[in-house]
Participant: 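Before we start, here is the structure in question, set down as structure tokens.
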2 protein chains.
Amino acid sequence: MNVNLKQLAEMLGLSQTTVSRALNGYPEVNAETRQRVLSAVRETGYRPNRAAQRLATGRAGSIGLVMPIAQGIDSDVHFGEFLAGLGEESVRHDFHFVINPSAPDDEEATFKRLAASGNVDALFLAYVRANDPRIAMLKSLSIPFVVHGRAIGQPADYPFLDVDNTGAFHDATRLLIQLGHRRIALINGPGNLTFSIRRLKGMRRALEENGLSLDESLVQNSLMTDEYGYRAMQRFLEQEQPPTAVLCSSTVIALGAVRAINKAGLQIGSDISLIAHDDVLPMLKPENFSIPLTTTRSSLRAAGARIATRLISRILKTGDYPDQELWRTELIIRASTGPAPKP
Amino acid sequence: MNVNLKQLAEMLGLSQTTVSRALNGYPEVNAETRQRVLSAVRETGYRPNRAAQRLATGRAGSIGLVMPIAQGIDSDVHFGEFLAGLGEESVRHDFHFVINPSAPDDEEATFKRLAASGNVDALFLAYVRANDPRIAMLKSLSIPFVVHGRAIGQPADYPFLDVDNTGAFHDATRLLIQLGHRRIALINGPGNLTFSIRRLKGMRRALEENGLSLDESLVQNSLMTDEYGYRAMQRFLEQEQPPTAVLCSSTVIALGAVRAINKAGLQIGSDISLIAHDDVLPMLKPENFSIPLTTTRSSLRAAGARIATRLISRILKTGDYPDQELWRTELIIRASTGPAPKP
DNA sequence: CGCAAAATTCAAAGCGCTTTGAGTTTTCAA
DNA sequence: TTGAAAACTCAAAGCGCTTTGAATTTTGCG
């Protein structure tokens, strides 16, 4: 049914060597010969056997993901969305995944095992923590990797793709201040993850630049779920001096926050302003909220695709991508932000 | 660094054949010899080269997923959770994934391509639609597959794992009727998916068994998101004769429904009862709702793991699992259900 | 004991691809 | 025209495993 290289070469009256070279873009093949090969491929539907390629080249043709099974992360919407981007791009290059779920305390061992197994030729790390020991470990592993995020408290001398979280929340906070808000709350992601830390930092910086200081009682760290968003917002609103504005680290959190605000009988955009970070989840669009949300935006799916591209190009040694990227976010104004209410 | 079969065999003074057989559980190896081999493996940390195995056996060692990128499905929490189960189990057997995102109208072609590529030796299908043509296509493909769900309107003569959706919603509805409810609403998943169809059917049957009939205006089909749950519930409550109970096809939907109910100033469990289907999403536990939810429960992650087990056992021709499984759900009573309010 | 049968073990042939090192043919300046 | 360099093409050797078919050793029974 399926032809293999040998048969293809025979049909063309060429050697396997030449055909293989023609296919893999080697320069020492006559242009005309290459055309003949290519059109034969089209006719026969020839597809190289990946296992043979892998064996011959020593490349595994797959990327290792360690999927954290810590509570609330694994089946996180955010992770799924990221995965979609990664998958979309990988499949284009015929790359596989090895998804390795792992408990947090076993992650380092899992990475090592994965790298040693020879089953993957690149690794991917996400959910970076403050001074993440896993990065040093990855560096020692002599296998390409890209980190989604950046550590804190250690030199950024490794390949990463990160979103400018500090900048995003700095800009969002500044906007709120310009609108007259003075008490601003933050419903953040888990406190040990660097993106949460940086978002808080951006917020704090903007406050300080305007002579304001952060009220720690208006900061909440937790998993980014609707439920936590709801509870946090409710707690904030129960304070003697409730905030007039709130930042949410995800639209999923915003979902709960909005619910609490509505329940309290307050009007979003006038009584209280809300800005959420938008990962561009197709299932939760900020413009579909009853009051469309002002957001800082950065597509998680695009990030996944980009990381796949970079990893694959590194493996195949093609193309030339920057080793470190910091994506700026866009601040998009919708109806959930407005001037601070008169006291 | 890493030993290979040849070296291992040399160390042991055996032939590659014998070592290979010892490792793969062939019977014609002396028990003592096998022990020697096994302990040598432990000492050297020998791991067979998967690419070579794949080439030699013709098995790809991976499972193909077609990840729908239709709006609202791809990065669906439910899909992520399922994936976690699948991944957890696969990695245990050193199996890979080929995740192939695909637009709905291109899915059949994607499956075919995947099967023909030789890159996968089993396929997996989810999000089954009423008279799903993809099943016939899978049957024609001569590659093992398991369907998550079941079609409707064609013989169930293929391997599947399904949840008894009809039974689940039948039982839930019956409970509500026993509690005195007469007007019961349903916020369902997409109307073209079979699990939605069966849930409606279960509900309808329970109603009819009790001399009641379904009010079509109390049924809503849509993506299973918070937002749709909210809107549907709101619409129901605006009716002249609002329902006194509602069934939700997912806890995610329940999230929105609860929000709408609260907003309307109604009390869950007394003014209105709610039962949701619980996929056991770690991020959204029914017992954590402000009013804990009564649910029909069936773990999506467990389903993923089970499907992986079955597929792998089929590929390796080990073990012996049933070809068709229908999982019953549990009906768990919590505080969101109560007697119908007096009219 | 002797010999056929059963129990082990082995050498060698692939699996389908890449790549090395060696031709063979063309091209082009002298 | 000629010879060296440039441009192509090729045969063959792996990559590390499984598996076939044969060889060797043990076992069991007359």
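So you know, we letter chains A, B, ... as the sequences are listed, proteins then strands, and number each from 1.
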Participant: Rounded to the nearest Å, what distance is computed from the CD atom of residue A/Gln16 to the C1' atom of nucleotide C/dC15?
Facilitator: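 After rounding, the gap between these two atoms is 12 Å.
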Participant: Look at the side chain of B/Arg34 and the backbone N and O of B/Tyr26, then say whether any donor-acceptor pair between them is shorter than 3.5 Å.
Facilitator: yes
Participant: Taking only N and O in the side chain of B/Gln53, is any of them less than 4.0 Å away from OP1 or OP2 of D/dT18?
Facilitator: yes
Participant: Is A/Arg36 reaching over with its side chain to a backbone N or O of A/Leu12, donor-acceptor style, under 3.5 angstrom?
Facilitator: yes
Participant: Nearest whole Å is fine: how far is D/dC17 P from B/Arg47 CZ?
Facilitator: 12 Å
Participant: I'd like to know if A/Thr17 reaches the base of C/dT18 with its side chain, counting only an N/O donor and acceptor under 3.5 Å.
Facilitator: no
Participant: Within the structure, does a side-chain N or O atom of A/Asn30 lie under 4.0 Å from either OP1 or OP2 of D/dA7?
Facilitator: no
Participant: Got a sec: does the NZ of B/Lys6 have more than 12 other heavy atoms crowding it under 6.0 Å?
Facilitator: no
Participant: Test your reading of the model: is there a side-chain donor-acceptor pair from B/Thr194 to the backbone of B/Arg150, 3.5 Å cut-off?
Facilitator: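 Checking the backbone N and O of B/Arg150 against the side chain of B/Thr194, a donor-acceptor pair under 3.5 Å is found.
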Participant: For a quick check under 3.5 Å, do A/Thr18 and A/Ser15 share a side-chain donor-acceptor pair by atom type?
Facilitator: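 Yes.
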Participant: Reading DNA chain C from 5' onward, which residue's closest nucleotide shows up sooner: A/Arg21 or B/Ala31?
Facilitator: B/Ala31
Participant: A/Thr18 side chain N/O closer than 4.0 Å to the phosphate oxygens (OP1, OP2) of D/dT9?
Facilitator: no
Participant: What's the closest nucleotide to the A/Glu28 side chain, out of C/dC17, C/dT9, D/dT9?
Facilitator: D/dT9
Participant: Once the angle between the rings of B/His96 and A/His96 is folded into 0 to 90°, is it parallel (under 30°), tilted (30 to 60°) or perpendicular (over 60°)?
Facilitator: perpendicular
Participant: To the nearest Å, how far apart are A/Leu23 CG and C/dT19 P?
Facilitator: 13 Å
Participant: Quick one: A/Leu14 CG to C/dT24 C1', roughly how many Å, whole number?
Facilitator: 14 Å
Participant: Below 4.0 angstrom from OP1 or OP2 of D/dC15, is there any side-chain N or O of B/Asn49?
Facilitator: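 For D/dC15, neither OP1 nor OP2 has a side-chain N or O of B/Asn49 closer than 4.0 Å.
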Participant: How many whole angstroms separate atom CG of A/Asn24 from atom P of C/dG16?
Facilitator: 17 Å
Participant: With a 4.0 Å limit, can you tell me whether B/Tyr46 has a side-chain N or O closer than that to the phosphate oxygens OP1/OP2 of D/dC17?
Facilitator: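 Yes, such a contact exists.
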Participant: Check whether the ring centres of B/Phe124 and B/Phe82 lie less than 6.0 Å apart, and answer yes or no.
Facilitator: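 Yes, the ring of B/Phe124 comes within the 6.0 Å limit of the ring of B/Phe82, centre to centre.
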Participant: Would you kindly give the CG-to-P distance between B/Asn4 and D/dT18, to the nearest whole Å?
Facilitator: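 Rounding to the nearest Å, CG of B/Asn4 and P of D/dT18 are 12 Å apart.
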Participant: Just to confirm, is there a sub-4.0 Å distance from OP1 or OP2 of C/dT18 to any side-chain nitrogen or oxygen of A/Ser20?
Facilitator: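 True: A/Ser20 side-chain N/O within range (under 4.0 Å) of C/dT18 OP1/OP2.
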Participant: Round to a whole Å and report the spacing from NZ of B/Lys6 to P of C/dA12.
Facilitator: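 So the two atoms are 12 Å apart, to the nearest Å.
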Participant: If every non-hydrogen atom of A/Leu123 is compared with every non-hydrogen atom of A/Ala115, which pair is closest and at what distance?
Facilitator: CD1-CB, 4.2 Å
Participant: For C/dT8, does either OP1 or OP2 sit under 4.0 Å from a side-chain N or O belonging to B/Tyr26?
Facilitator: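 Looking at the OP1 and OP2 atoms of C/dT8, neither is under 4.0 Å from any side-chain N or O of B/Tyr26.
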Participant: Rounding to an integer number of Å, can you tell me how far B/Glu10 CD sits from C/dA11 C1'?
Facilitator: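 Distance check: B/Glu10 CD to C/dA11 C1' gives 14 Å.
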Participant: Which residues in residues 55-62 of chain A have at least one heavy atom lying under 4.0 Å from any atom of DNA chain D?
Facilitator: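 Contacts with DNA chain D under 4.0 Å: A/Leu55, A/Ala56.
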